[in-house]
Amino acid sequence: MEQILLRAARDHAVVDDPSANGAFESMRRRYALAPTSLNPSVYWRITDNWVELSLRFLVPHRGVRAIKDLMTRDILAGLDEAGIGIASATNAIVGIPDLKIVDARRDPDAHQ
């Protein structure tokens with residue numbers, strides 16, 4: 001699964017771009033940032049219901065929406081090809097209890 005995410009990032013995000021590396025180095029010196037790789041990375045996190053994967057990738061300052069769209073389509077196709085389904089937390093409300101609405105100003109026995 002991780003490889004599917006990384007492949008999409010490598011295909012569409014900024015990878016091994018000398019100008020991006022130079023810009024980051026300049027920003028790192030100016031803001032005292034720790035050195036880090038600008039290559040796409042996947043981070044795993046266990047939640048109460050599943051394992052969450054986050055993909056970190058670098059994109060140009062314009063066209064982010066289109067890049068994310070292309071990456072999402074590639075990721076979904078890759079997951080489908082690998083037979084990996086997507087989980088989601090969905091709740092069904094099957095009934096609503098009866099409600100009694102009381103105007104406390106008219107009913108002195110009503111509790112707030």
Side-chain angles (χ1 to χ4, degrees):
M1 189 169 3
E2 185 171 347
Q3 292 307 313
I4 294 168
L5 297 172
L6 289 172
R7 185 176 6 179
R10 286 187 199 112
D11 287 348
H12 299 289
V14 174
V15 179
D16 297 328
D17 183 322
S19 64
N21 288 324
F24 179 73
E25 281 305 313
S26 173
M27 191 170 70
R28 191 174 77 74
R29 284 190 302 274
R30 182 174 183 180
Y31 297 107
L33 300 174
T36 188
S37 170
L38 298 182
N39 293 326
S41 301
V42 175
Y43 298 93
W44 294 62
R45 185 172 77 96
I46 296 173
T47 70
D48 55 347
N49 294 315
W50 48 65
V51 175
E52 176 184 291
L53 280 74
S54 297
L55 176 61
R56 183 189 65 101
F57 54 93
L58 186 64
V59 294
H61 68 283
R62 298 209 187 271
V64 176
R65 184 180 300 166
I67 291 170
K68 285 183 177 181
D69 176 73
L70 291 169
M71 288 175 60
T72 300
R73 291 169 189 268
D74 285 358
I75 291 167
L76 289 174
L79 293 174
D80 189 46
E81 184 179 301
I84 300 170
I86 296 178
S88 101
T90 303
N91 298 311
I93 299 175
V94 295
I96 298 175
D98 292 336
L99 297 175
K100 179 180 179 186
I101 299 173
V102 177
D103 185 345
R105 296 172 295 183
R106 295 189 181 160
D107 185 351
D109 296 327
H111 300 289
Q112 294 186 9

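The shown structure was predicted, so the numbers you read here are calculated from the model rather than taken from an experiment. Counting begins at 1 with the first residue of the sequence.
- Among residues two or more places apart in sequence or in another chain, the side chain to side chain contact (heavy atoms under 4.5 Å, CB included) test is passed with D69 by R73.
- Atom CD of E25 and atom CE of M27 lie 10.0 Å apart (nearest 0.5 Å).
- Minimum heavy-atom separation, A34 to F24: O-CZ, 4.0 Å.
- Under the side chain to side chain contact (heavy atoms under 4.5 Å, CB included) criterion, S41 pairs with Y43, R56, sequence neighbours left out.
- In this structure, I75 CD1 and D80 CG are separated by 13.5 Å, a value rounded to the nearest 0.5 Å.
- Connection of L58 to L55 is not established within any shared hydrophobic cluster, with ILVMFWY side chains joined at heavy-atom distances below 4.5 Å, either directly or through further cluster members.
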Contacts table for residues 1-11: side-chain donor-acceptor under 3.5 angstrom, sequence neighbours left out:
residue	atom	partner	partner atom	Å
E2	OE1	W44	NE1	3.0

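- Linking ILVMFWY side-chain heavy atoms closer than 4.5 Å, directly or via other members, places L70 and V15 in two distinct hydrophobic clusters.
- Cluster membership check: I84 shares its hydrophobic cluster with L53, using side-chain heavy-atom separations under 4.5 Å among Ile, Leu, Val, Met, Phe, Trp and Tyr.
- Between the side chain of T72 and the backbone N or O of K68, at least one donor-acceptor pair lies under 3.5 Å.
- Residues that satisfy the side-chain hydrogen bond (donor to acceptor under 3.5 Å, both in side chains) test with S37, not counting sequence neighbours, are N39.
- With sequence neighbours left out, N21 forms a side chain to side chain contact (heavy atoms under 4.5 Å, CB included) with L38.
- R45 meets the side chain to side chain contact (heavy atoms under 4.5 Å, CB included) test with T47, E52; sequence neighbours excluded.
- Grouping the Ile, Leu, Val, Met, Phe, Trp and Tyr side chains by contacts below 4.5 angstrom, directly or via other members, places I67 with L76.
- Hydrophobic clustering places V42 together with M71 (ILVMFWY residues linked when any side-chain heavy atoms are closer than 4.5 Å, directly or through intermediates).
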